[in-house]
Amino acid sequence: MNQAPVAVIGGGAAGMMAALWAKKSGVPVVLIEPNEKLGRKLYITGKGRCNLTNNTTPEGVLANVPRNGRFLYSAVNRFPPDQVMAYFEALGVPLKTERGGRVFPCSDRAADVIDALFYALKRVGIPQKQDRAVGLQMEDGRVTGVVLTQETLPAGAVILATGGLSYPATGSTGDGYRLAESVGHTIVAPRASLVPLEEAGETCARMQGLSLKNVTLTVKNQKKKVVFQEMGEMLFTHFGLSGPLVLSASAHCKWEKDQYTALIDLKPALDEAKLEARILRDIAQAPNKAFHNMLEGLLPRLMVPVACQRADIPPDLPVNALTKGQRRRLIETMKSFSIPLAGPRPVKEAIITAGGVKTGEVDPGTMQSKKAPGLFLAGEVLDVDAYTGGFNLQIAWCTGRAAGEGAAQYCKEETH
């Protein structure tokens, strides 16, 4: 019996995983990817180290999915983080867990994860077709093939795993949304999630390139409600703020209805009383020192001129002349360094996009389209996204597996 293959559109994390599980389920598979290399976006995840999942429970994963988490319940429970880790270890990628449960290859090389998947595809004989899918072939309301730029490829089932709109240079160009829409799917407007934030002002540009470690970032809306608070690393850029803390915070912001301010606690290990005691000690040790010189012992050098201005203290003032009010303002500046935010950077700079194919139109158990039988969806093309920490790749792996197994099952039923 010469069975039409499962055609997987997209050679990223979700697509490769879908192809492998469809093949494992006993059906022929072909992988369609316009890039010469598979997994291009994986190369840049986790700063090139590939944070491939989070060492937590299925509940822990779903707690980090701000929208449509319930849709993922079945897929995450079928392929939870511990099984994903075991899967990659079996492919020859030793793993380690770092702070916050983040899981990386021991080698710190994203390339090792991609190579392991690439050789797994090769071992089981999944051919790769380097071409772009421009349409879906339909017969009697069912998806029966993929229209490529040069030919139409008949398929027993089609898996759409094209990614979102983030990092278009890696091939995420929104093709998947157009293909899904062409067969009747509703697309929730894609927007940037996990994205750097622009400042409403010029302060950050003065400290461009400065990286802060072990600071606490709090983001409040105009009603002073805290929408995000976490300790970690961040970065000042020419446009505003970036770095892990800022990307995480961005997923909590609803720009269409709120405005936000970032507040940075530069000394989270010291409460105000301890910080004041430290300042008084510094003054006692060198009473004639200029204020800006004392500040260099407390803050990164690039921040010093900005902090002097914020606290409204002359940089050359001898520290023993500091008034109580000036010390108070300095402590406020260090414990709550505020940056008014203007909004997110463009969607093409986002690590991940929120929005995509409406989850209510997809079967959460098999990832099959409820609009077009024979079409299955996986990964970022769906309207699900998560916070940073390996959760977005966990979603790619588990929806990829569910779609691969679902598509294989569908093919078997259709040929009997």
Side-chain angles (χ1 to χ4, degrees), residues 5-25 27-45 50 52-53 75 79 84 87-88 91 110 113-134 136 143 146 148 153 155-168 170-180 352-353 356-357 362 366-369 374-382 384 392-408 410-411:
V6 169
V8 181
I9 306 173
M16 288 190 278
M17 192 58 84
L20 286 164
W21 282 96
K23 183 76 177 183
K24 194 180 168 79
S25 305
V27 295
V29 178
V30 61
L31 186 59
I32 301 157
E33 166 59 53
N35 286 320
E36 201 177 324
K37 284 199 166 87
L38 298 175
R40 275 185 62 184
K41 200 166 156 188
L42 275 170
Y43 276 109
I44 51 178
T45 59
C50 193
L52 59 84
T53 185
F79 203 29
V84 168
Y87 184 88
F88 280 99
L91 288 184
V113 176
I114 299 155
D115 288 348
L117 291 166
F118 176 74
Y119 288 116
L121 292 164
K122 235 181 155 81
R123 267 196 307 277
V124 295
I126 296 174
Q128 183 192 338
K129 218 174 199 9
Q130 195 185 339
D131 205 342
R132 174 161 250 119
V134 292
L136 295 171
V143 174
V146 182
L148 303 170
L153 186 74
V158 173
I159 299 174
L160 205 48
T162 47
L165 277 176
S166 52
Y167 292 137
T170 64
S172 301
T173 52
D175 281 359
Y177 302 144
R178 289 187 284 277
L179 293 172
I352 202 107
T353 38
V357 176
V362 179
T366 62
M367 297 292 144
Q368 182 168 209
S369 162
L375 179 66
F376 296 76
L377 303 105
E380 206 188 331
V381 73
L382 293 159
V384 281
N392 286 295
L393 272 181
Q394 172 62 37
I395 292 172
W397 308 131
C398 68
T399 57
R401 173 177 173 170
E405 291 180 327
Y410 173 85
C411 285

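The shown structure was predicted, so the numbers you read here are calculated from the model rather than taken from an experiment. What's counted below: heavy atoms across the whole structure, side chains too, no hydrogens, waters or symmetry copies.
Rounding to the nearest 0.5 Å places CG of Leu375 at 8.5 Å from CG of Leu179. Between atom CG of residue Leu121 and atom CE of residue Met17 there is a gap of 10.0 Å, rounded to the nearest 0.5 Å. How far CD1 of Ile114 is from NZ of Lys37: 9.5 Å, rounded to the nearest 0.5 Å. Note that the NZ atom of Lys129 and the CD atom of Glu33 stand 14.0 Å from one another [nearest 0.5 Å]. Distance check: Thr399 OG1 to Glu380 CD gives 10.5 Å after rounding to the nearest 0.5 Å. To the nearest 0.5 angstrom, Glu405 atom CD is 11.0 Å from Met367 atom CE.
Residue Ala408 comes nearest to Ala22 through the heavy atom pair CB-O, 3.9 Å, listed as atom of the first residue, atom of the second, then distance. Closest heavy-atom contact between Cys398 and Ala75: CB-O, 3.4 Å. Taking every heavy atom of both residues into account, Leu377 and Ala180 meet most closely at CD2-CB, 4.4 Å. Taking both residues in full, the closest heavy atoms of Leu148 and Ala133 are given as CD2-CA, 4.0 Å, listed atom of the first, atom of the second, then distance. Asn35 and Gln128 get closest at one heavy-atom pair: O-NE2, 3.7 Å. Closest of all the heavy-atom pairs between Ala7 and Val146 is CB-CG2, 3.8 Å.
Partner Met16 forms a side chain to side chain contact (heavy atoms under 4.5 Å, CB included) with one of Val113, Ile126, Leu42 and no other, that one being Leu42.
Looking only at side-chain heavy atoms (C-beta outward), Leu52 and Trp397 come within less than 4.5 Å of each other. Side-chain contact between Asp131 and Leu153 is absent, with no heavy-atom pair separated by less than 4.5 Å. Residues Val29 and Ile159 form no side-chain contact, since every pair of their non-hydrogen atoms from C-beta on lies 4.5 Å or further apart. Counting only heavy atoms from C-beta outward, the side chains of Arg401 and Tyr87 never approach each other to under 4.5 Å. Looking at heavy atoms from C-beta onward, Asp175 lies out of side-chain contact with Ile9 at the 4.5 angstrom threshold. Under the 4.5 Å side-chain criterion, counting only non-hydrogen atoms from C-beta, Gln394 is in contact with Val84. Contact check for Arg123 versus Leu91: side-chain heavy atoms found under the 4.5 Å cut-off.
Side-chain atoms of Gln368 never come within 3.5 Å of backbone atoms of Phe376 as a donor-acceptor pair (strictly under, hydrogens ignored).
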Go through the steps for Leu38 and Leu31 under the test side chain to side chain contact (heavy atoms under 4.5 Å, CB included), then give the verdict. CA-CA 10 Å; Leu38 298 175; Leu31 186 59; 4.0 Å; yes

